[in-house]
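Let me begin by presenting the structure, written as C-alpha cells, before commenting on it.
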Amino acid sequence: MSENKVRVRFAPSPTGPLHIGGVRTCLYNYLFAKKYGGDLLLRIEDTDSQRFVPGAEEYIIEAFKWLGITFDEGVGVGGENGPYRQSERRDIYKKYVQQLLDAGLAYYAFDTPEELEEKRKEIANFQYDSRTRMQGVNSLTLPAEEVKRRIENGDKYVVRIKIEPDEDVEVDDMVRGKVVINSNVLDDKVLYKSADELPTYHLANIVDDHLMKITHVIRGEEWLPSAPLHVLLYRYLGWADTMPRFAHLPLLLKPEGNGKLSKRDGDRLGFPVFPLQWTDPATGAISSGYRESGYLPEAVVNFLALLGWNPGTDQEMFSMEELIQLFSIERVSKSGARFNYEKGTWFNHEYLIKKSDDEVAELFMPFLKEKGYECEKSRLTYIVSLVKERVSFIKDLWEQTSYFFEAPTEYDEKSLKKRWKPESPQMLTELMEVLDGIADYSKVAENEQLVLDWVASKEYNLGTVMNSFRITLVGAAKGPHIFNIIDILGKEETLARVKRALEVIK
RNA sequence: GGCGGAUUAGUGUAGUGGCCUAGCACGGAGCUCUCUCACGGCUCAGACUCGGGUUCGAUUCCCGGAUCCGCUACCA
C-alpha cells in the first residue's frame, strides 16, 4: 500500500433509512475511490445514543449491496483500522479529549442545558464563545479544585473546544475553492459529553478520519459551515499536515417548492426517497423504496450520478465502470439539484429496454404469479418482446399483457365508438372462417398476407376489419401487432374471443 | 437575525470576454410511421436573477440588491 493511497469514507448515522441524498454521497465517494484505485470505508456514526434506530445499520449495508457499491473496509467488512462503529471507540476519543484539555485547547463546562436555553432566550444570537465563555460555569471561570471536585462528584459536564477569536480560517474545498470564515463566528462547540461518555460528531469525525487515514472527505453541503471547526480541530490535535482534502457536495432539493428533499415529498408526489423499503420499528409505518418500486439498481445509480455531476459530454447512459472512469470532483456542480423523478423513470425505461427479453421475462414472472398466472418461460419471453418498450417498470408489464392471460370481459367504450362500425359483425363473422382455415398461427407474416389478401378481395376497409378484430381480442384499440397476438392466443382462443365479442357487443 | 454557499428554458445541465441565432437530455406541443396504442424518427415552444461597474465588447470578470439553500443543538 503506497503512502498516498486514496482513502475515503461514507459515514452515516443509523437514525433511520438511508436518504437518497446519502446514497448519492456514498456513490460519489465510491466513484472517486475506485477511479484512483483507493479504498472506500463504511463507518457508522452512532454517537447520538438518543437517535439510534435498530435495523438502520443492516438497512444501509443491504442498500449498497443492491446498488452494487462495495466497501473495502468498515462495518460489515472488517479491516485493520477498526472498530468502525463509533460507539465502540469510546476509549480512543477520551484520549484525544484529554490531549486537548491538557494543551489548554479545550475546557470543561458545567452549564446545564436549561441554563443555556435561558441564555439563548435572553440574549439575541447568543453563542458560547470567546466573548461569553467567561460568564459560563466552566473550568475557565471556576477554581481548579472546584472543577476537580465537580468531576469527582460525578457532575455532568461537557468538554468544549476553545476557539481563538479574530482568525480567518481557510477551507480549501475541491468543489468550491477557498472558503474563508472568521473564527469570531464560530462557537465553542461541545466535543464530548460525560453523560454518555461519547464525543459529538465533530471530534469523533476528525479523530476517526485521521486514525483511519482518510485522504479525502466528500460529504454534503450541510457540513460546509462546520468545516472551519474541523480544520481547527486538525490543527489543535497536531494533524494539520495530514489533514484530508474536503469536497462539499450540493444538496438534493424538492422537485417543487422550497427546501431540501424530504420523505414527505416522496409520499406526496408518489416516488421513493429511500433505496429500499423501510418499516419504522416504532410506528410500523412503511416508506417505499426504489428496489420495491421496481427500479433497476443500475438505473438508480446512473440517475443519481448525474444529479450534481456530468462528464461534460452529451452522454447520459453510463455503466458503473464508465462512471468510475469519467468521474471527477472538479466537475461536480456547486448548486443544489432539484430531484426530478420523471427523469429517473426515463432512466429506468432505458435500462429496461436494454435488458434481453429473456431477462425481463424472468423479472416479470413474480408479478405474474401474484396475479395468479403461470406462464411458460419461452411464451412469456415472446410476450415480453412485444411490449417491453412500452413500459418503464417491470410491474407495468401486467397492464400491457393482461389480455394474454384473461379474455376481455368488457370492451373499451372509446375504442368501440371510434372503431366499431355497423358492418363490423358481418366482417368478423366472415373473418372467422378465414382464421379457421389457418393451420399454423406461428407463421405470422404469412398469415398476415393471407388476411390482407382476403380483405382486399372483399374490398373491405382494412382499418375497420383489423380494429374490430383487435377489440374482440384485446378489449380495446391498443396493443402490438395483431398477428403476433393471435399467435400467442392460438386458434381456439382467438376464435372464441371473436365469437364472444360478437354476442356481447351490440 | 448572524455566518457561509448558490443563481443558464418547468427540471437536470453544457458552454464562453466576441465563434451564442446559448448546446444536450427529461418533461410539454405537433407531425410522421402504422390495423390500434405505444416505441422510434422529425419539428416546435422554452433560459443566461436584477442593477451598477470593468471592457471596443459581458451570459461569461468585479461590486451591490433580490431570491433560494445550508448552518446557527450536550443531532449528525
Side-chain angles (χ1 to χ4, degrees), chain A residues 11-15 45-48 50-51 86 109 111-113 116-117 120 124-128 156-160 171 173 175-176 179-182 184-187 189-196 198-202 204-205 219-228 248 250-251 253 255-256 258-260 303 306-317 331 333-347 349 353 386-391 400 415 418-419 448 451-452 455 461-471 474 476-483:
Chain A
S13 283
T15 55
E45 308 222 329
D46 52 353
T47 52
D48 184 359
Q50 303 294 312
R51 299 206 308 162
Q86 292 189 329
D111 316 79
T112 64
L116 292 174
E117 194 50 47
R120 280 189 199 103
N125 297 333
F126 171 82
Q127 67 174 21
Y128 216 108
K156 295 270 186 292
Y157 66 88
V158 297
V159 174
R160 287 180 181 274
V171 179
D173 188 280
V175 174
R176 282 148 223 284
V179 177
V180 181
I181 295 184
N182 192 277
N184 286 339
V185 304
L186 264 26
D187 65 333
K189 275 269 178 299
V190 170
L191 261 22
Y192 176 86
K193 44 215 185 324
S194 69
D196 55 9
L198 243 23
T200 57
Y201 168 83
H202 305 289
N205 192 265
R219 68 214 321 187
E221 192 187 348
E222 70 268 28
W223 293 108
L224 191 53
S226 52
H248 290 94
L251 264 21
L253 273 24
E256 48 188 58
N258 297 156
K260 64 174 175 178
F303 171 49
L306 254 24
L307 232 41
W309 171 85
N310 76 83
T313 64
D314 285 346
Q315 188 182 348
E316 289 206 288
M317 298 289 287
R331 290 204 63 90
S333 49
K334 298 178 178 68
S335 50
R338 259 184 208 284
F339 191 81
N340 180 218
Y341 58 94
E342 282 177 327
K343 187 98 183 208
T345 301
W346 177 78
F347 271 114
H349 176 252
I353 59 179
L386 301 177
V387 300
K388 187 174 69 165
E389 59 207 14
R390 296 160 182 259
V391 301
Q400 299 292 333
S415 302
K418 190 168 179 199
R419 306 287 183 189
E448 179 178 5
V451 172
L452 251 34
V455 171
N461 179 289
L462 182 66
T464 304
V465 175
M466 296 305 258
N467 283 304
S468 301
F469 186 24
R470 176 178 292 281
I471 288 169
V474 176
K478 63 166 193 181
H481 196 62
I482 207 157
F483 292 91

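Hydrogens, waters and symmetry mates are skipped; everything else that's a heavy atom, side chains included, is used. In this text, all values refer to a predicted model and were calculated from it rather than measured experimentally. Quick note on labels: first sequence line is chain A, next is B, and so on, each numbered from 1.
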Report the nucleotide, chosen from [options], that has the shortest atom-to-atom distance to any side-chain atom of [X].
X        : options            : answer
A:Ala337 : B:G12, B:C39, B:G5 : B:G12
A:Ala477 : B:C35, B:U36, B:G5 : B:U36
A:Ile181 : B:U11, B:C3, B:G12 : B:C3
A:Arg176 : B:A6, B:U36, B:C35 : B:A6

Protein-nucleotide distance (A:Lys334, atom NZ; B:U8, atom P), rounded to Å: 12 Å
Contact class for [X] (heavy atom, under 4.0 Å): base, sugar-phosphate, or nothing?
X        : answer
A:Arg470 : base
A:Gly308 : sugar-phosphate
A:Arg219 : nothing
A:Leu306 : sugar-phosphate
A:Pro480 : base

Any side-chain heavy atom of [X] sitting closer than 4.5 Å to one from [Y]?
X        : Y        : result
A:His349 : A:Thr345 : no
A:Pro228 : A:Leu186 : yes
A:Met466 : A:Phe483 : yes

Considering all heavy atoms of both residues, which atom of A:Thr47 and which atom of A:Ala204 are nearest to each other, and what is their separation? CG2-CB, 4.2 Å
Can you name the residues that form a ring-ring contact (aromatic ring centres under 6.0 Å, His included) with A:Trp223, not counting sequence neighbours? A:Tyr201
Give the intermediate values and the outcome of salt bridge (charged side-chain N to carboxylate O under 4.0 Å, His left out) for residues A:Glu221 and A:Lys260. CA-CA 11 Å; A:Glu221 192 187 348; A:Lys260 64 174 175 178; over 6 Å; no
Kindly express the pairing pattern of RNA chain B in dot-bracket notation, using | wherever a base pairs with another strand and counting only Watson-Crick or G-U pairs under 3.5 Å. (((((((..((((....[....)))).(((((.......)))))....(((((..]....))))))))))))....
Nearest-angstrom distance, [atom1] atom, [N] to [M]:
N     : M     : atom1 : answer
B:G28 : B:A45 : C1'   : 9 Å
B:A29 : B:C69 : C1'   : 33 Å
B:A73 : B:A47 : P     : 43 Å
B:C3  : B:U8  : C1'   : 28 Å
B:U21 : B:G40 : C1'   : 29 Å

When the ring planes of A:Phe126 and A:Tyr128 are compared, do they come out parallel, tilted or perpendicular, using 30° and 60° as the limits? perpendicular
RNA chain B: A:Glu316 or A:Gly463, which has the more 5' nearest nucleotide? A:Glu316
Could you pick out which residue, A:Val179 or A:Asn467, lies toward the 5' side of RNA chain B when each is mapped onto its nearest nucleotide? A:Val179
Short question: side chain of A:Arg470, backbone of A:Gly479 - any donor-acceptor pair under 3.5 Å? yes
Any donor-acceptor pair under 3.5 Å linking the side chain of A:Asp173 with the backbone of A:His248? yes
Please check if the distance between the ring centroids of A:Phe339 and A:Phe303 is under 6.0 Å. yes
With no angle test and no hydrogens, is the base of B:G1 tied to the side chain of A:Asn125 by a donor-acceptor pair under 3.5 Å? yes
Does a nitrogen or oxygen in the side chain of A:Asn310 sit under 4.0 Å from OP1 or OP2 of B:A14? yes
Between protein and nucleotides 68-76 of chain B, map the contacts as a letter string: B base, S sugar-phosphate only, - none, heavy atoms under 4.0 Å, written 5' to 3'. SSBS-SBBB
